[in-house]
2 protein chains.
Amino acid sequence: MPTLLDVARAAGVSTATVSKVLSNTPYFTEATRAKVMQAVDELGYVPNLAARALSSGKTHIIAVVFPYVYDALFTDPLVLRILEGIEAELTKRGYNILLSTPRLRESGPDTHYTRLIRSGYIEGVIALDSVPMASVLEIVRQRKMPAVAIGYHPNTYSIRSDDHQGGQLQMEHIIRLGHHKIGIIASDESLHFSIEHRLRGLQHMAEQHGLSYQQMPRANGDFSIDSGAKAARQLLTEHPDLTALLCLNDRMAMGAIQTAQAMGRQVPDDLSVIGYDNIPLSMASSPALTTIDQQAPELGRIAATMLFEVFDGKQPATATLPTTLIVRQSSSHVLVNNY
Amino acid sequence: MPTLLDVARAAGVSTATVSKVLSNTPYFTEATRAKVMQAVDELGYVPNLAARALSSGKTHIIAVVFPYVYDALFTDPLVLRILEGIEAELTKRGYNILLSTPRLRESGPDTHYTRLIRSGYIEGVIALDSVPMASVLEIVRQRKMPAVAIGYHPNTYSIRSDDHQGGQLQMEHIIRLGHHKIGIIASDESLHFSIEHRLRGLQHMAEQHGLSYQQMPRANGDFSIDSGAKAARQLLTEHPDLTALLCLNDRMAMGAIQTAQAMGRQVPDDLSVIGYDNIPLSMASSPALTTIDQQAPELGRIAATMLFEVFDGKQPATATLPTTLIVRQSSSHVLVNNY
DNA sequence: TATCTTTAGTTAAGCCTTTAACTATCGGCT
DNA sequence: AGCCGATAGTTAAAGGCTTAACTAAAGATA
């Protein structure tokens, strides 16, 4: 592999000149620039990133941190969509993605992760940070590294989807359809800030329409299909009069639909089911799932953009993306004879 | 951040000693080891990876390369499952994942990717390499970097799922159920080696049972749900007598089911649909999808294992993982009145 | 003409770790 | 006593890049 020195020799200049020309420093004649560039092309020179990192601290590597929660990480299509947005923006700017998936414990993230952060390899961090018990960004903050959280981290630049509004949209939609016997499939809100906000959104809208959120039966899952199925079975068994299930993610909703059908309920005729996330496959379930879109790729893209603003010394304001209701076939007006 | 020198001073030894103690070189007294380790702990020393990379070439970073094909990459849950397997193994060994998603052109992968490979940052490569037109591993091979392909690359260590067998399993299953009016939803086999092998598997098994593969109607999609839906509409319109659809991935199968239902066909009573991949959500479609499991996480895990064998100077043999048929509710015996 | 600026480029130090080559000590052996 | 091998640790170079500080020449100004 040719080095800066090789290029410098070939072009008949010093290494400093080559380095500066390559980083577009002013004060060079066109002639010198051309000489250098030609040498670079001829030798096929590519800068050694390790050397550059050591010397300048610029590694062009961003850690994208998706903590393990419930092991659901690699099973959640939403993660992939967020990653898509991040990738698009980072690649556009010539940055690389180092994917980190720390395991969380009460004592904090695992040491593999903390070592990575402190290794000098990472120029910035984008993290999914919505787990109250253990923040992956705490150590990043201590080191004063540029970072953006996707979620509800209080002390960092952050972006999030408007979970409260999303919850409201779910509830509003189902109430408009005439339902009032409504079950909720969620997860433990103490494990996930987003869930907490969505639930508050549900509550807010319910009470605004004179329904008691407290009395709505609820079962918790762990975001998986199976857990949604189980939760639905429990709710429909204990409360056979339910006409609607609001699920806080699509996979649980799909599990719920399956269970409902297995229990002899027609969806949406006997039971409306609403999901949350608008994962790509939600349109392919039968019936296609009514759900809340939270612009996952956009969330990632903007997080990346914000990180570059931080690089530039700016202080990007916390952003909140609106959600939208996607009406498909899994929800419909409550049947008259249910009244 | 403390450096080696700081640790050396604190322990009262040379930097060489610290470095060697940390990498477990022999010839040191317990006393020295202890002194060094204590200094490391007290200072919270973490080695600077950039410096280590520059000095020794060991970066502990593996590029995981998922080329963009059809833009389907970030929409394909299977990708995530493979990544899961890779991540598990790499993390276990203290390695990091640099996620690279090159765009392919006829001239080869984009320059951002080629620069990354030649940057000195990467210690090894694991790549999804199943696109005949442009191999992402060619440049890696030229540089003689350790690499493992997941797919059909001829010149590199590689692992793959037994696509031929998977095709056979699909066809065998549907024939056993009494079907002989069978449609195929695939994609352009010239764009994907796996598809080619699956189709050959279908053909092989069909002919073994005296059916003409050539006469089976076929439509191509691009792996997306929509394209599966379109393909199904086309096939069912042009060939209303079809009783089964073999789809070469789950998403197209789910699209096909939806279309079939919209066209008034009951699945599986009027039409059996079989998928391929066994993505997590295939169990949640209605009806749950009969499909072929290709052990995606295992594929990733073994690829990583093989890469470490290459690091150790071994020459791992090409591996082929068997597939299994997962029978769910989207396939059933052909109805008698269809004969 | 002498002085100051701007432009154009060079020199050399520094980033932190690894590792080849070297020194020094000590017990064991002839 | 003299030599050897094993043990324990040190010195210093190397790895490739960036950048502060410096030089030199050309142009502008008084």
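By convention in this document, chain letters (A, B, ...) are assigned in the order of the sequence lines, proteins followed by strands, and residues within each chain are numbered from 1.
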| Sugar-phosphate, base or nothing in reach of B/Pro47, heavy atoms under 4.0 Å |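 Here B/Pro47 touches the backbone only, sparing every base.
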| What does B/Ser19 touch in the nucleic acid at a heavy-atom separation under 4.0 angstrom: a base, only the sugar-phosphate, or nothing? | base
Can you tell me how far [atom2] of [N] sits from [atom1] of [X], to the nearest Å?
{"X": "A/Leu54", "N": "D/dC17", "atom1": "CG", "atom2": "P", "value": "12 Å"}
{"X": "A/Arg33", "N": "C/dT7", "atom1": "CZ", "atom2": "P", "value": "13 Å"}
{"X": "A/Glu30", "N": "C/dG9", "atom1": "CD", "atom2": "C1'", "value": "15 Å"}
{"X": "A/Leu4", "N": "C/dT11", "atom1": "CG", "atom2": "P", "value": "15 Å"}
{"X": "B/Asn48", "N": "D/dG15", "atom1": "CG", "atom2": "P", "value": "19 Å"}
{"X": "A/Leu22", "N": "D/dG16", "atom1": "CG", "atom2": "P", "value": "16 Å"}
{"X": "B/Leu49", "N": "C/dT17", "atom1": "CG", "atom2": "P", "value": "10 Å"}
{"X": "A/Lys58", "N": "D/dG16", "atom1": "NZ", "atom2": "C1'", "value": "18 Å"}

Residue pair [X] / [Y], side-chain donor-acceptor N/O under 3.5 Å:
{"X": "B/Thr91", "Y": "A/His112", "answer": "no"}
{"X": "A/Thr114", "Y": "A/Thr111", "answer": "no"}
{"X": "A/Asp162", "Y": "A/Thr320", "answer": "no"}

Set out, line by line, the N/O atom pairs under 3.5 Å between protein and nucleotides 9-14 of chain D.
| from | atom 1 | to | atom 2 | distance (Å) |
| --- | --- | --- | --- | --- |
| D/dG9 | OP1 | B/Thr29 | OG1 | 3.3 |
| D/dG9 | OP1 | B/Thr32 | OG1 | 2.5 |
| D/dG9 | OP2 | B/Thr29 | N | 3.1 |
| D/dG9 | OP2 | B/Thr32 | OG1 | 3.0 |
| D/dT10 | OP2 | B/Ser14 | N | 3.2 |
| D/dT10 | OP2 | B/Ser14 | OG | 2.9 |
| D/dT10 | OP2 | B/Thr17 | OG1 | 2.2 |
| D/dT10 | O4 | B/Lys20 | NZ | 2.9 |

| Residue pairs fulfilling ring-ring contact (aromatic ring centres under 6.0 Å, His included) with at least one residue in residues 2-47 of chain B, sequence neighbours excluded | none
| query | In terms of the angle between their ring planes, are A/Tyr152 and A/Phe193 parallel, tilted or perpendicular, with boundaries placed at 30° and 60°? | reply | tilted
| Where does the angle between the aromatic ring planes of A/His60 and A/Tyr95 fall among parallel (under 30°), tilted (30 to 60°) and perpendicular (over 60°)? | parallel
| From D/dC17, D/dT18, C/dC16, pick the nucleotide closest to the side chain of A/Ser56? | D/dT18
| message | Looking at B/Phe308, I'd like to know if the NZ or CZ of B/Arg93 sits under 6.0 Å from its six-membered ring centre while staying within 45 degrees of the ring's axis. | response | yes
